[in-house]
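Computed from heavy atoms alone, side chains included, the values below leave out hydrogens, waters and symmetry copies.
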Amino acid sequence: MSKPRVIRITNIYNHDFHGGSYAGNLYDRNGLSPALNSMGGGGRQPLIVEYGQDSSFEHNNFIIDMAEQKKKFTLPDELKGKKFRIRKLTPRECYRLMDVPENEIDKLLSVDETGKQIISNSQSYKLAGNSIVVACLYYIYELLYYPHNTTQASPKTPIQLTLF
């Protein structure tokens, strides 16, 4: 069994980015999510491929739009002959990746009395991208204050860390 990893399929703009920008990167949904960022400037939300069999997968509007705009887009070999669609992660999915509790996500994505969304999707992407996963930070700090030390009787006994 292979180690879980981010699976980048291609870049829809035919850019070969190695870590800098996310614009146009297309990821396999069976892999891990790439790191989220503030996604400022647009078009930087992670794009994922969904495979399917029903008729909703037959015409990929995104591919058609790319062809109409005459942008260079080469369909990768792993997508040729398959029914698929390309979509952005939703704001809810981005919040979930950042470990935001479901009840808080509901508040963030709520609507006012007129039915208008209180926080726009663009602002939601920025909120998710400019945050940090609290559980991850918790374990980083725990290791800073209580480093794994097998020589001590109690692993939770604080020890002074040094820079030298």
Side chain to side chain contact (heavy atoms under 4.5 Å, CB included) involving [X] - partner list, sequence neighbours excluded:
X      : result
Val134 : none
Tyr139 : Glu142
Asp99  : Val133, Ala135

Taking side chain as C-beta onward, heavy atoms only, is [X] less than 4.5 Å from [Y]?
X      : Y      : value
Val111 : Ile118 : no
Thr90  : Tyr95  : no
Tyr27  : Val6   : yes
Ile48  : Leu89  : yes
Ser124 : Leu108 : no
Ile119 : Leu109 : no

Side chain to side chain donor-acceptor pair (under 3.5 Å) against Asn30, all qualifying residues, sequence neighbours excluded: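 With neighbours one apart ignored, the set is Asp28.
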Pairing residues for Arg87 by the salt bridge (charged side-chain N to carboxylate O under 4.0 Å, His left out) criterion, not counting sequence neighbours: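 Testing Arg87 for salt bridge (charged side-chain N to carboxylate O under 4.0 Å, His left out), a comparison that skips the adjacent residues, returns Glu50, Glu93.
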Contacts of type salt bridge (charged side-chain N to carboxylate O under 4.0 Å, His left out), residue Arg92, not counting sequence neighbours: Glu102, Asp106
Heavy-atom pair with the smallest gap, counting every atom of Leu36 and Cys94: CD1-O, 3.6 Å
